[in-house]
Amino acid sequence: MQARLHKLHQLREQSNDPFVVEKFECDYGLQAAHDQFESLEGQTIRVAGRIFSVRNMGKACFIHLMDASGKLQIYLRKDEMGDAYDQIDLWDIGDFLGAQGFLFRTKTGEITLHAQQTQLLSKSVRPIPFPKEKGEQRWYGLHDIEQRYRQRYLDLLTNPDSRQVLIARSRIIAETRRFLEGEGFLEVETPMLQPMAGGAAARPFKTRLNALDMDMQLRISLELYLKRLLVGGIDRVFEIGRVFRNEGISTRHNPEFTLLELYQAYANLEDMMSLVERLFLHVAERVFGTTRFEFGETIIDFSQPWTRLDLVEAVQERTGLTPDQFETLESARKAADSVGLASEKRDSPGIILEKLLEKFVEPTLIQPTFVTGYPLDTSPFAKIIADRPNFTRRFEGYLLGREMSNAFSELNDPLEQRERFERQSELRQLGDEEAHPYDEDFIHSMEYGMPPTGGLGIGMDRMVMLLTGAASIRDVILFPLARNAD
RNA sequence: GAACCGGUAGCUCAGUCGGUAGAGCAACGGACUUUUAAUCCGUAGGUCGAGGGUUCGAGCCCCUCCCGGUUCACCA
């Protein structure tokens with residue numbers, strides 16, 4: 001770094017300060033110049049990029065430039081550039097260089113810009129750990145996982161795979177929007193700062209609004225404000241937004257993550273299943289050009305319908321426990337114990353059923369599967385199943401053993417919603433920190449009339465993980481949360 | 001929160017039994033007019049995550065702490 005600062009000083013003394021440059025007209029991106037060689041050969045063009053590698057031969061020099069699109073080799077000769085050639089000594093890997101010259105093919109066949117004029121456009125005063133590469137092989141470079149997360153810019157600059165994930169994420173979300181717009185949905189933005197975070201079971205982040213002298217929370221879901229829009233006559237609505245949950249960090253959990261929620265009036269649970277199937281198919285085809293994805297030996301084909309599975313039946317199939325064993329709390333706890341699952345006193349039969357699902361069924365749901373019929377206790381916003389009042393018209397979608405989506409035929413009865421909130425309040429008093437808070441304003445809105453509605457939530461980070469094959473959620477979040485590095 | 005693994009030069013890593021801290025790349029000086037992991041000659045570069053302990057002597061053994069990773073727990 002000392003050497004680089006000294007070079008910058010020398011450049012400034014020669015009135016070649018790269019940091020005064022504001023603009024450099026480029027005719028082509030580096031990849032475009034390379035790809036259009038046939039038509040551009042011999043023409044004078046201007047390109048720019050970051051110096052990726054330098055091979056100085058004394059009186060001739062080869063430099064690879066890199067930009068967002070790709071790389072291009074530059075060829076420089078001392079006999080053509082004269083004294084300006086000595087400037088090369090003041091350039092470093094990582095600097096930005098603009099070059100004007102004509103395209104030709106070297107004797108080893110590489111398309112190269114024979115530069116006649118160059119201009120240093122910016123300087124990197126800190127060395128960049130670019131890898132060495134030959135064809136597809138790479139050596140050295142930045143591998144340290146901690147540094148890749150904390151200094152993501154270096155990761156993006158030096159690891160093409162990271163760049164690919166970033167691009168895939170952007171395109172997956174863009175295609176999700178395009179699909180939903182095509183289905184007639186309107187995209188909205190609702191508050192992140194809320195007096196009372198609701199719509200899911202999770203501990204919120206707490207903060208303070210000085211202007212109104214109010215305690216506030218960061219949202220944990222999008223649900224309750226989007227539903228207010230249903231009351232407001234917006235029949236098809238969605239939001240893709242950041243939510244915050246003050247909970248554990250793992251390969252599948254980041255305290256802030258991106259959630260898609262959508263609501264469709266006059267639609268039910270089966271419509272939501274269809275929507276999930278069509279959304280994954282659309283994104284797979286548009287972003288990756290295929291419906292078939294390989295994960296090790298597993299092949300998932302998004303052109304196939306997802307499997308439907310009833311929660312109680314699935315638990316029975318995996319554990320042998322029968323539905324009648326969950327009629328009372330006592331027998332449910334005994335049943336859980338018999339298959340090695342510890343339960344707590346405040347658990348209800350429904351919560352125990354769901355724990356059994358997580359432990360015994362979820363890991364086996366490799367192919368796309370909708371699990372339906374979730375217990376009432378854990379589903380305060382879903383309609384009940386007519387002839388099974390302890391279960392709801394809800395599904396969760398699973399892929400590769402991971403929860404991917406969550407949907408209901410939405411409860412739209414304000415009287416029952418009020419009772420559900422009351423039940424949650426009781427749970428809260430029993431010590432369940434994640435029981436849903438009582439939201440009077442939400443009930444109030446529902447009392448004006450909410451249409452029958454299908455609602456769906458998808459964790460976008462997990463969707464990106466799945467489609468890009470990322471092992472950790474940190475790989476699909478640009479700047480994942482990290483402890484202070486002091 | 002627990003267990004296990006890791007932290008050594010700018011980067012990637014090695015470091016044997018506890019005995020003078022190493023390599024490649026990058027950097028710096030020199031040679032080289034079609035190279036491409038350029039090559040060749042030379043130079044420099046370190047609080048071995050931090051602190052304490054054992055020892056004649058610690059990168060290595062012991063303790064505490066910090067940071068990261070993985071798995072588990074937690075997270076409908």
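Just so it is clear: chains get the letters A, B, ... in the order the sequence lines come, proteins before strands, and each one is counted from 1. Computed from heavy atoms alone, side chains included, the values below leave out hydrogens, waters and symmetry copies.
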Margin query: Rounding to an integer number of angstrom, what distance separates rG15(B) and rA23(B) when you compare their C1' atoms?
Written below: 10 Å

Check: Rounded to whole angstroms, how far apart are CG on Leu142(A) and C1' on rA26(B)?
Finding: 14 Å

Checklist line | Residue-phosphate contact under 4.0 Å: Lys7(A) side-chain N/O, rC28(B) OP1/OP2 | finding: yes

Check: Over how many whole Å does the gap from Arg150(A) atom CZ to rG7(B) atom C1' extend?
Finding: 12 Å

Next item on the list: For the residue pair His64(A) and Arg55(A), confirm or rule out a side-chain donor-acceptor distance under 3.5 Å.
Entry: yes

Check: Is Tyr75(A) touching bases, backbone alone, or none of the nucleic acid, heavy atoms closer than 4.0 Å?
Finding: base

Checklist line | Which residue lies more 5' along RNA chain B, comparing Arg245(A) with Ala471(A) via nearest heavy atoms | finding: Ala471(A)

Next item on the list: Rounded to whole angstrom, note down the C1' distance from rU12(B) over to rA26(B).
Entry: 11 Å

Notebook entry, point to check: Is a donor-acceptor pair below 3.5 Å formed from side chain Gln73(A) to base rU35(B), judging by atom type as modelled?
Noted result: yes

Notebook entry, point to check: Thinking salt bridges, do Glu270(A) and Arg308(A) make one under a 4.0 Å N-O criterion?
Noted result: no

Check: Strictly under 6.0 Å, is that where the ring centroids of Phe52(A) and Phe130(A) end up?
Finding: yes

Next item on the list: Check every strand shown and say whether Asn406(A) touches a base, only sugar-phosphate, or nothing at a heavy-atom separation below 4.0 Å.
Entry: nothing

Check: Around Gln2(A), counting heavy atoms of other residues, nucleotides and ligands shown, do more than 12 lie under 6.0 Å from its CD?
Finding: no

Note to self: Mind checking if Gln147(A) touches a base, just sugar-phosphate, or nothing, with heavy atoms under 4.0 Å?
What the structure shows: sugar-phosphate

Checklist line | Pairwise C1' distance for rG1(B) and rC61(B), with rounding to whole Å | finding: 29 Å

Note to self: The side chain of Thr251(A) is closest to which nucleotide in this list: rU35(B), rC75(B), rU70(B)?
What the structure shows: rU70(B)

Item checked: Length of the line joining Ile88(A):CD1 and rU35(B):P, which is rounded to integer Å -> 17 Å

Margin query: Counting C-beta onward and ignoring hydrogens, is there a side-chain heavy-atom pair between Leu400(A) and Leu466(A) closer than 4.5 Å?
Written below: yes

Next item on the list: Mind calculating the distance between CD (Glu146(A)) and P (rU12(B)) to the nearest angstrom?
Entry: 11 Å

Margin query: Considering every strand and a 4.0 Å limit on heavy-atom distances, what is the contact class for Gln2(A): base, sugar-phosphate, or nothing?
Written below: nothing

Item checked: Stacking of Tyr140(A) on rU12(B) base (centres under 5.5 Å, planes under 30°) -> no

Check: Which word best sums up how the rings of Phe421(A) and Phe381(A) line up, parallel for under 30°, tilted for 30 to 60°, or perpendicular for over 60°?
Finding: perpendicular

Next item on the list: For rG68(B) versus rG57(B), give the span between their C1' atoms, rounded off to a whole number of Å.
Entry: 32 Å

Margin query: Quick check on RNA chain B: between Gly141(A) and Arg77(A), whose nearest nucleotide comes earlier from the 5' end?
Written below: Gly141(A)

Check: Considering only side-chain heavy atoms of Tyr149(A), which listed nucleotide, rA37(B), rG69(B), rU12(B), is closest?
Finding: rG69(B)

Item checked: Watson-Crick or G-U stems involving RNA chain B, each at least 3 pairs long, distances under 3.5 Å, ordered by first number -> B:1-7 with B:66-72, B:10-13 with B:22-25, B:27-31 with B:39-43, B:49-53 with B:61-65

Notebook entry, point to check: C1' atom, rU16(B) versus rA58(B): distance in rounded Å?
Noted result: 15 Å

Item checked: Residue pair Gln325(A) / Thr322(A), side-chain donor-acceptor N/O under 3.5 Å -> yes

Note to self: So Phe104(A), base contact, sugar-phosphate only, or nothing? Heavy-atom distance under 4.0 Å.
What the structure shows: base

Next item on the list: Report the C-alpha distance between Gln100(A) and Arg46(A) in whole Å, list the side-chain angles of each, state the deciding distance to 0.1 Å, and finish with yes or no for side chain to side chain donor-acceptor pair (under 3.5 Å).
Entry: CA-CA 4 Å; Gln100(A) 177 177 309; Arg46(A) 291 160 67 84; 2.9 Å; yes

Margin query: If you compare every side-chain N and O of Arg55(A) against the phosphate oxygens of rU35(B) (OP1, OP2), does one of them come in below 4.0 Å?
Written below: no

Next item on the list: Report yes if a side-chain nitrogen or oxygen of Arg474(A) is closer than 4.0 Å to either non-bridging phosphate oxygen (OP1 or OP2) of rG69(B); otherwise report no.
Entry: yes

Next item on the list: Grab the CD1-P distance between Ile145(A) and rU12(B) for me, whole Å please.
Entry: 11 Å

Item checked: Nearest to side-chain heavy atoms of Lys132(A), which nucleotide of rU33(B), rG69(B), rA38(B) -> rA38(B)

Item checked: Protein-nucleotide distance (Arg483(A), atom CZ; rG68(B), atom C1'), rounded to Å -> 10 Å

Note to self: Taking only side-chain N and O atoms of Arg126(A), does any of them lie within less than 4.0 angstrom of OP1 or OP2 on rA27(B)?
What the structure shows: no

Item checked: Whole-Å P distance, rG51(B) and rA9(B) -> 16 Å

Margin query: I'd like the C1' distance from rC32(B) over to rA38(B), given in whole Å.
Written below: 11 Å

Check: Looking for any heavy atom pair under 4.0 Å, which part of the strands does Glu354(A) touch: base, sugar-phosphate only, or nothing?
Finding: base

Margin query: For a quick check of understanding: with a heavy-atom distance under 4.0 Å over all strands, which category does Ser53(A) fall into, base, sugar-phosphate or nothing?
Written below: nothing

Note to self: Counting only heavy atoms from other residues, nucleotides and ligands, does the tally under 6.0 Å from CZ of Arg228(A) exceed 12?
What the structure shows: yes

Note to self: Under a 4.0 Å threshold between the charged nitrogen and the carboxylate oxygen, would Glu223(A) count as salt-bridged to Lys227(A)?
What the structure shows: yes

Margin query: Base, sugar-phosphate or nothing for Asp377(A)? Non-hydrogen atoms, less than 4.0 Å.
Written below: nothing

Check: Across the strands shown, which category fits Ala3(A) at heavy-atom distances under 4.0 angstrom: base, sugar-phosphate, nothing?
Finding: sugar-phosphate

Item checked: Span that lies between the C1' atom of rU8(B) and that of rG24(B), in whole angstrom -> 15 Å

Next item on the list: Please state how far atom CD1 in Ile93(A) lies from atom P in rA27(B), giving the value in whole angstrom units.
Entry: 5 Å

Notebook entry, point to check: Given atom CG of Asp86(A) and atom C1' of rG30(B), what is their separation to the nearest angstrom?
Noted result: 15 Å

